[in-house]
Amino acid sequence: MLGKGEKRKFDEHEDGLEGKIVSPSDGPSKVSYTLQRQTIFNISLMKLYNHRPLTEPSLQKTVLINNMLRRIQEELKQEGSLRPVLAAAASPPPDSLSASYREAPAVLSAPAPPPPALASDLGSTTPLEACLTPASLLEDDNDAPFCTSPAAPPAAPARLPAPAPPPEKDSFSSALDEIEELCPTSTSPGAAAAAPDTSRGGSGAPSVPRPDDPKLMDSLPGNFEITTSTGFLTDLTLDDILFADIDTSMYDFDPCTSAAGTASKMAPVSADDLLKTLAPYSSQPVAPSQPFKMDLTELDHIMEVLVGS
Amino acid sequence: PPSCWLFCSPLLPSPLTPALSPHRCHPPPSALSTPPSPGEGGEFRKQRPRGTQQGHHLQRNMAGAGGGNDIQWCFSQVKGAVDDDVAEADIISTVEFNHSGELLATGDKGGRVVIFQQEQENKIQSHSRGEYNVYSTFQSHEPEFDYLKSLEIEEKINKIRWLPQKNAAQFLLSTNDKTIKLWKISERDKRPEGYNLKEEDGRYRDPTTVTTLRVPVFRPMDLMVEASPRRIFANAHTYHINSISINSDYETYLSADDLRINLWHLEITDRSFNIVDIKPANMEELTEVITAAEFHPNSCNTFVYSSSKGTIRLCDMRASALCDRHSKLFEEPEDPSNRSFFSEIISSISDVKFSHSGRYMMTRDYLSVKIWDLNMENRPVETYQVHEYLRSKLCSLYENDCIFDKFECCWNGSDSVVMTGSYNNFFRMFDRNTKRDITLEASRENNKPRTVLKPRKVCASGKRKKDEISVDSLDFNKKILHTAWHPKENIIAVATTNNLYIFQDKV
């Protein structure tokens, strides 16, 4: 770390990271490149997750970090391409990247899970519906754009928009099931498993952190070098996700995605916006033009159960 | 007479007091306006010789930073607290000279604006230029709380822009993240005396005690400078305002946030026109934000805005109401040999400034300053490396967030030299004609007036020569983000974290 003008010792590790800017194709330096990439990935995640500001986080910073994560994910995907990249994609606690995206606007965007950043990069047009994920309860996590879809191995350039489970399904129960399937003995949060998700093919990733389950790694062809992420991600437990403050901003929608308009904008926030922002505080969902991706009453019920237990 | 410090006048119940909106006139003292010697609290009236308000300024030789006409920069003044313990509210967030250069405004994180005025040049002592002393200080913005999002809205002043002077009063726009305000700064050096129904101190007299009538007259008084908010432009920005820019028609101005740019009329506060909107329909698709915007100095229909991806778009408002399609796109192709994980982040443009001539514009990204010819879109005409030695440290700078620092840049009056800040309280100047550059330090160590600043040098690697500073010794908490150059003379204002330095060329 760079300090306050004090001389610091030569840091080998850091020099190893910083001294070389290598390309992935560079054989002997590939390890250091990978190490550097992973470190940057971890740093980026930490930046997004650990920041609990009193004021709104800078949108520019958030976007840049997000792009960094996306780029790394894409690289990992293209390289590894045999294993869902999501092993490294942790689910953010509620004040996540996407939450801050959604916090930034007074009127927030629809909580649609992201079109897969990679898929769009790869040129496929995944319909929005396919972005729904089984763990849609933890939807603020799903919105993290860097969550890639668990594409079927080998990395197919086009993603099959497999039909997503209908939103009405008890998504949380299924998520829990998947967690148990994946890591019956693991204490770390196994998210909706890669395997079942692969079959769904949806792009929205399970947002719960997925550690590199050794069983999974072996079961998939090819090796994936995200070894350092395991230690990092297992620190996050399911509790962090479930008991942290739920970011209710996902319930808000952006009413005016229409052209910002030749017409002048009225200065005050419209009543429409207010209504939608207040939606989470009412038990019945306000009926906006766009469908909810989340069942509010179910969420309430589940929270009661969890808190009560 | 010793210079005294000036504060807003209190609200006296007088019919002649201009109507002031209920804003605090007694802000917590900004360290910039605190005199170095322990002063008294409360308000002071400035002792000031009567005479013309406007100083005259000789047109100095606008020599550059290097070359034959080597300019030698000397320390002139420093404002602000001495101790290292920086009060957060005192962190300077913007610095701006007015159009004549006589006034220098600073904004800070505590929402205060402090305006310095250059003393009339002492004709006898012609070897020194007028000093800048506190002229007015006021609380521009207050912290607010957004109840819907449970987040604070910072009162930090992001930008100040002066309007050109049309009458005796001065006007400036100041903005925080959400609200822009038009402030009128006016002087009062006369006051009415001799009321019939009021005592001199304002108390009303019992009408029955009035036996004679007299006509109130204006009598001179100690100069008082008042700041009053004249317009408040609010509720038009969902995201954080990063730029304001006054149009050359002096009637309209633009304000830019992360995703939108709005056009305002200075007289109309309840309406603004959206002229740029880059918000995607789905926020998750957002990959680029607006980082700065500015009107062309001469063409009132032209403006530019920069992005976090290193592009600048020039837009013509005549083309369409919503300028989502640029007229020109300025972007330099990436240098493949310098490619790294951080390429995008360091390409993010933190500031864009037109030259005074309007022919060029300058952009500042993390490591360099680029000059663009408006007629050439595919690459800049000049590129200056500010601190290339940081390129190998980008990972650490990413970790400690320094890579997101937003450095500003500025032109000198003749567009021959550009200046920008760096770390360790260094700032850099680049002479466009001689291609020479210089690194100077803003520090209290060179405290004597007319001390010529010694050029500094950072040693990137290898053996460190004497007087050089190694990269690892740089203090990354001491950053100079805001600098300003007098529009006509070789006087510069350089803001460190909480101090304002004024340097002049050696006379």
Side-chain angles (χ1 to χ4, degrees), chain A residues 1-8 14 17-19 21 23 36-37 39-40 43 47 53-56 58-61 63-64 66-68 70-72 98 101-110 112-115 120 143 145 249 254 257 259-262 264-269 274 277-278, chain B residues 146 148-149 151-154 177 234-236 238-240 258-260 262 269-274 276-277 279 281-289 291 308 320-322 338-342 344-345 348 392-402 404 424 470 472-478:
Chain A
M1 273 287 269
L2 300 166
K4 287 186 176 198
E6 295 164 6
K7 296 228 173 192
R8 67 184 180 119
E14 192 163 296
L17 285 177
E18 312 223 61
I21 300 172
S23 68
Q36 182 182 22
R37 179 174 61 194
T39 306
I40 294 170
I43 293 173
K47 278 188 189 304
L54 295 167
T55 57
E56 280 180 69
S58 156
L59 185 65
Q60 179 194 357
K61 191 169 150 186
V63 166
L64 288 171
N66 195 17
N67 290 351
M68 171 81 84
R70 274 188 190 148
R71 208 173 311 120
I72 294 179
S98 50
Y101 272 18
R102 283 175 278 116
E103 277 176 344
V107 179
L108 303 172
S109 52
S120 55
D143 288 338
S249 56
D254 185 357
T257 56
T262 59
S264 55
K265 278 214 171 124
M266 289 314 294
V269 176
L274 276 176
T277 332
L278 289 172
Chain B
D146 182 338
L148 292 179
K149 289 188 270 179
L151 290 171
E152 276 184 22
I153 298 174
E154 269 195 303
D177 283 339
N235 297 324
T238 306
Y239 304 96
H240 291 180
D258 293 314
L259 297 179
R260 298 194 178 99
N262 292 335
T269 60
D270 62 353
R271 212 179 320 152
S272 77
F273 290 89
N274 179 246
V276 173
D277 188 339
K279 180 170 186 283
N282 184 357
M283 277 294 277
E284 272 70 23
E285 290 170 3
L286 180 66
T287 58
E288 191 174 8
V289 298
T291 53
S308 56
S320 70
L322 183 65
N338 269 336
R339 206 175 190 307
S340 79
F341 288 110
F342 307 101
E344 187 195 345
I345 296 183
S348 175
S392 57
K393 306 286 178 196
L394 292 178
C395 195
S396 300
L397 295 166
Y398 180 63
E399 195 174 6
N400 65 13
D401 276 354
C402 282
F404 299 106
N424 211 65
S470 78
D472 299 328
S473 310
L474 295 174
D475 188 342
F476 288 84
N477 292 320
K478 292 187 180 167

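Letters A, B, ... mirror the listed sequences (proteins, then strands); counts begin at 1. What you see is a predicted model, and the numbers here were worked out from it, not measured in a lab. FYI, side chains are in, hydrogens and waters are out, and symmetry mates aren't considered; it's all heavy atoms of this structure.
Looking at B:F404, the atoms closer than 4.5 Å to chain A (heavy atoms on both sides) all sit in the side chain, from C-beta outward.
The heavy-atom pair separating B:F341 from A:R37 by the smallest distance is CZ-CB, 3.3 Å. Nearest heavy atom pair, residue B:E288 against residue A:V63, reads N-CG1, 3.8 Å. Summarising the geometry of B:E284 relative to A:R70, their closest heavy-atom pair is O-NH2, 2.5 Å, with the distance given to 0.1 Å.
Rounded to the nearest 0.5 Å, atoms CG (A:N67) and OG (B:S348) are 10.0 Å apart. Atom CG of A:L59 sits about 11.0 Å away from atom OG1 of B:T238, to the nearest 0.5 Å. Atom-to-atom distance recorded for A:T39:OG1 and B:Y398:OH is 12.0 Å, nearest 0.5 angstrom.
Partners of A:K61 by salt bridge (charged side-chain N to carboxylate O under 4.0 Å, His left out), not counting sequence neighbours, listed by chain and number: B:D401. B:S308 pairs by the side-chain hydrogen bond (donor to acceptor under 3.5 Å, both in side chains) definition with nothing, not counting sequence neighbours.
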Check: What do the steps show when you test A:E56 against B:Y239 for side chain to side chain contact (heavy atoms under 4.5 Å, CB included), and what is the final call?
Finding: CA-CA 9 Å; A:E56 280 180 69; B:Y239 304 96; 5.8 Å; no

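Note: B:D258 leads B:D258, B:T291, B:D177 in heavy-atom pairs under 4.5 Å with chain A.
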